[in-house]
Q: 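Just passing along the structure, written as structure tokens.
None of the values given here were measured: they were computed from a predicted structure.
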Amino acid sequence: LPMIGGPRKNLTKLGAGITKLEGGSLGYRYDDSYKAFSYNGNTALREQDKYDASGKRALVMQNRVLFAPNDFYSKYYRIPAIVSTSDGSLLAVSDARKKHIHDITNDIDIILRRSIDNGRTWSTPMTIAKGEAKYKSDGTLDCLNSIGYGDPAFASLPNGDILCAFIHGYGLGFTDNNKKTYDSYSISRDNGQMWSTPQYLCDKNGNKLSIIENERGNIAPGNMCVVKSGLLAGKVIACFRSFKSASGWRDTNGNYFLVYDPNNNYWQVLQPNVAASSAMFKSSNGTDDEAQLVEVGENKFLMSIRTNGTGQRQFVLLTMSGSTSDVRWSAKNLGQCGMNLREKANGAMTTFITKDGKEYLLHTVPTTQASASGGTATTTRSGLCVFYALKSDVATGNFTWTKSLCLSDPNDYLDETAQYSSITVQQDGTVGILYEGYPQIIRIEADQVDADDNCDQGGDYLMRSIYMNLRIGDIIDG
């Protein structure tokens, strides 16, 4: 299909998977009744179904691969984010995990590509934040003591600036209080062409926020929420996922609500509107991870939380009260709202206003499809789908998500691996999505990584950052 979507009925079936390959030769045989991949003459995986003479086909959307293993100077890439700027440019970033695939602690850069033609072509990469590698006495990389940046999150500010926040320092699971996990951010004032030196999240007095001094966590990657109305108008609100105490011995598993004031360049932690021992919020599941926010009304926000409980997703309606100088939050647990997932992962949300004035929320998240053999994939994130709901329904707290397209898997039932994603509304009125996934058409279920990685990350080392562009009519009928 063309880059900007296309009719939902203009479909083509394509896609298969390979369970294991070790040496030998890979072949493909095709005739009217039998299609299969073969390995050394033996069938490795047969296509899920026979040719359908009725013409029923599955959607395969055109895409651009922006970051892939061994592109440019990095061996691996993960954690994409995308944003539209005031001049209509698109900015796409990713972790450049130069030698090892795993999260920080690691030598990771934040790398960016820019498009000035609605995603048709992209610039060569530039580095926003550069990690610092440490080496052992034998000259090999000392990954556990390298200090990098990772998990980028974007916001397009009302004044035209672009904010990019990211985690920095040592890993979330560290047990050494002297090796901190700090969070930083950079600002671009020219639509992504140049960036400020990374600086820590500091309060109005210039001091690091207490939560980044005392806890290990980060702002959820992808997209931060720029507030349009109400007590926080013109500011940015984001969820700070707290993983452990700074010493690493106490699990926290909750979220703080951080607000950035672009006019005065400082951050603050919002407090609850009732007396509480902590400003941290925990859903009814109680084991929360990364969370996203989107504005659904004046002083109202929907919170989408990756959890370790039932359905792997929880939604919360936040209400702000107080004054502009003392904003307080209250929360109402909404449950799953019809989104029952099989595997936990970060997601992305945005709003979209159609030509007839209807305002929708769009949500991308892996659904983890049933496996090709008919079982259920419980440990592999797959089947990245778009969900939607009317914003007016969400604001009442009584709504159910509607599942639309499966973006990563054309057949909507194979385990086409896809993980984190980010979403933006482009200047031309289309929807831009950047997500990470295995190569389409063939998926290899790798059960080991390179020997020098010395970590268990499954197939993460195959991840590509894939850009896709859709019309709203491709997502919502009518």
Side-chain angles (χ1 to χ4, degrees), residues 74-76 78-79 95-110 129-153 165-186 197-203 206-221 238-256 258 267 269 277-280 282 286-291 306 308 344 346 449-458 460-461:
S74 182
K75 194 173 181 181
Y76 310 111
R78 274 216 63 200
I79 319 297
D95 284 9
R97 301 184 173 187
K98 290 173 275 189
K99 298 294 184 182
H100 292 251
I101 182 56
H102 53 78
D103 303 338
I104 66 165
T105 302
N106 193 0
D107 180 17
I108 303 174
D109 297 348
I110 303 295
K130 187 174 181 60
E132 179 184 356
K134 301 290 185 180
Y135 294 91
K136 300 176 184 178
S137 58
D138 62 1
T140 59
L141 183 67
D142 184 359
C143 199
L144 291 179
N145 286 296
S146 296
I147 303 174
Y149 297 85
D151 287 24
F166 30 77
I167 193 171
H168 173 55
Y170 293 92
L172 298 182
F174 256 65
T175 57
D176 184 345
N177 196 46
N178 293 318
K179 293 184 174 182
K180 301 285 189 181
T181 298
Y182 289 122
D183 283 77
S184 304
Y185 68 104
S186 292
T197 301
Q199 55 188 303
Y200 294 127
L201 275 58
C202 292
D203 61 23
N207 301 315
K208 296 187 190 78
L209 292 182
S210 60
I211 60 170
I212 68 170
E213 285 281 14
N214 300 322
E215 302 185 30
R216 297 186 181 276
N218 63 295
I219 291 174
C239 294
F240 179 93
R241 174 270 303 263
S242 177
F243 184 69
K244 286 180 178 289
S245 61
S247 64
W249 295 113
R250 176 176 59 85
D251 291 339
T252 48
N253 298 322
N255 278 274
Y256 294 94
L258 300 190
W267 297 77
V269 180
S277 60
S278 172
M280 181 189 293
K282 289 190 176 187
T287 53
D288 298 345
D289 210 305
E290 297 143 324
R306 165 186 170 179
N308 293 319
K344 53 188 178 292
N346 190 38
V449 297
D450 288 356
D452 60 349
D453 263 343
N454 192 29
C455 61
D456 182 15
Q457 292 288 324
D460 285 3
Y461 71 103

Q: Out of curiosity, I167 CD1 to I79 CD1, how far, rounded to the nearest 0.5 Å?
A: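 Going from CD1 on I167 over to CD1 on I79, the span is 10.5 Å.
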Q: For the atom pair CZ (F240) and CD1 (I212), what is the distance rounded to the nearest 0.5 Å?
A: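 The distance works out to 7.0 Å.
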Q: For S210, does its backbone N or O pair with a side-chain atom of N214 as donor and acceptor, under 3.5 Å?
A: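 A pair under 3.5 Å: yes.
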Q: List in chain and number order the residues that pass ring pair (Phe, Tyr, Trp, His ring centres under 6.0 Å) with F243, two or more places apart in sequence or in another chain; answer none if no residue qualifies.
A: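 Scan of F243 (ring pair (Phe, Tyr, Trp, His ring centres under 6.0 Å), adjacent residues dropped) gives none.
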Q: Please check: side-chain N/O of T105 versus main-chain N/O of G171, any donor-acceptor pairing under 3.5 Å?
A: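 At least one qualifying donor-acceptor pair exists.
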Q: Nearest 0.5 Å, please: how far is CZ in R97 from CG in D107?
A: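 Reported to 0.5 Å precision, the distance equals 12.0 Å.
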Q: Taking the side chain as every heavy atom from C-beta outward, state whether T252 and K282 have any atom pair closer than 4.5 Å.
A: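 In short, these two side chains do not touch, never coming nearer than 4.5 Å.
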Q: Please report the closest heavy-atom contact between G254 and M280, naming both atoms and the distance.
A: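 That closest heavy-atom pairing would be CA-SD, 3.6 Å.
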Q: Compare every heavy atom of P198 with every heavy atom of S184, then report the nearest pair and how far apart it is.
A: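 That closest heavy-atom pairing would be CB-CB, 4.4 Å.
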Q: Do the side chains of D103 and L172 get nearer than 4.5 Å, heavy atoms only?
A: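 Counting from C-beta outward, L172 and D103 never come under 4.5 Å.
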Q: Which word best sums up how the rings of W267 and Y185 line up, parallel for under 30°, tilted for 30 to 60°, or perpendicular for over 60°?
A: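 Taking Y185 first and then W267, their aromatic rings stand perpendicular (interplane angle over 60°).
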Q: Does E213 offer a backbone N or O that forms a donor-acceptor pair with the side chain of K180 under 3.5 Å?
A: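 Yes, K180 side chain to E213 backbone: donor-acceptor pair under 3.5 Å.
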Q: Could you list the residues that satisfy salt bridge (Lys or Arg N to Asp or Glu O under 4.0 Å) with D142, not counting sequence neighbours?
A: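 Applying salt bridge (Lys or Arg N to Asp or Glu O under 4.0 Å) to D142 gives none.
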Q: Suppose we screen for salt bridge (Lys or Arg N to Asp or Glu O under 4.0 Å). Which residues come up paired with E215, at least two apart in sequence or across chains?
A: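 Residues passing salt bridge (Lys or Arg N to Asp or Glu O under 4.0 Å) with E215: none at all.
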Q: Would R78 and D151 pass as an ion pair if we require N to O under 4.0 Å?
A: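 Between D151 and R78 there is no salt bridge, as every charged N stays at least 4.0 Å from the carboxylate O atoms.
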Q: Holding to salt bridge (Lys or Arg N to Asp or Glu O under 4.0 Å), I want the full list of residues that pass it with R216, two or more places apart in sequence or in another chain.
A: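 If we apply the salt bridge (Lys or Arg N to Asp or Glu O under 4.0 Å) test to R216, skipping adjacent residues, there are no hits.
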Q: When rounded to the nearest 0.5 angstrom, what distance separates CG in N177 from OG in S245?
A: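 That separation rounds to 8.0 Å.
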Q: For the side-chain hydrogen bond (donor to acceptor under 3.5 Å, both in side chains) test, which of N255, D289, N346 pairs with R241?
A: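 Testing each of N255, D289, N346 against R241, the sole residue satisfying side-chain hydrogen bond (donor to acceptor under 3.5 Å, both in side chains) is D289.
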Q: Drop me the distance from T140's OG1 to K99's NZ, to the nearest 0.5 angstrom.
A: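 If I round to the nearest 0.5 Å, the distance is 11.5 Å.
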Q: Sub-3.5 Å donor-acceptor pair from the side chain of N106 to the main-chain atoms of H100, do we have one?
A: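 Yes, the answer is positive, given that a donor and an acceptor are paired below the 3.5 Å cut-off.
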Q: By side-chain contact (heavy atoms from CB on, under 4.5 Å), which residues pair with K344, not counting sequence neighbours?
A: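 Only R306, N308, Q312 meet the side-chain contact (heavy atoms from CB on, under 4.5 Å) criterion with K344.
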Q: As a quick check of understanding, evaluate side-chain contact (heavy atoms from CB on, under 4.5 Å) for D183 and L209, giving each step before the final call.
A: CA-CA 9 Å; D183 283 77; L209 292 182; over 6 Å; no
Q: So which heavy atom on A96 is nearest to which on S74, and how close?
A: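 Minimum heavy-atom separation between A96 and S74: C-OG, 3.4 Å.
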Q: Can you pull out every salt bridge (charged side-chain N to carboxylate O under 4.0 Å, His left out) where at least one residue sits in residues 130-140? Sequence neighbours excluded, please.
A: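 Residue pairs passing salt bridge (charged side-chain N to carboxylate O under 4.0 Å, His left out), neighbours aside: D109-K130, E132-K134.
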Q: S242 and Y256: which non-hydrogen atoms are nearest, and at how many Å?
A: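 Closest heavy-atom pair between S242 and Y256: CB-CE1, 3.9 Å.
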Q: Measuring from I108:CD1 to Y76:OH, what's the distance to the nearest 0.5 Å?
A: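 Between I108 CD1 and Y76 OH, I get 12.5 Å after rounding to 0.5 Å.
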Q: What is the minimum heavy-atom distance between I219 and A153, and which atoms define it?
A: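 Nearest heavy atoms, I219 then A153: CG2-CB, 4.1 Å.
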Q: Might you point out which heavy atoms bring F166 and G150 nearest each other, and give the distance in Å?
A: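 So the minimum-distance heavy-atom pair works out to CB-O, 3.2 Å.
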Q: State, with a plain yes or no, whether a side-chain heavy atom of S146 is found less than 4.5 Å away from one of L141.
A: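 A side-chain contact exists here, since the closest heavy-atom pair is under 4.5 Å.
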Q: Between H168 (side chain) and T181 (backbone), is there a donor-acceptor pair under 3.5 Å?
A: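 Side chain of H168 to backbone of T181, a donor-acceptor pair under 3.5 Å: no, none is there.
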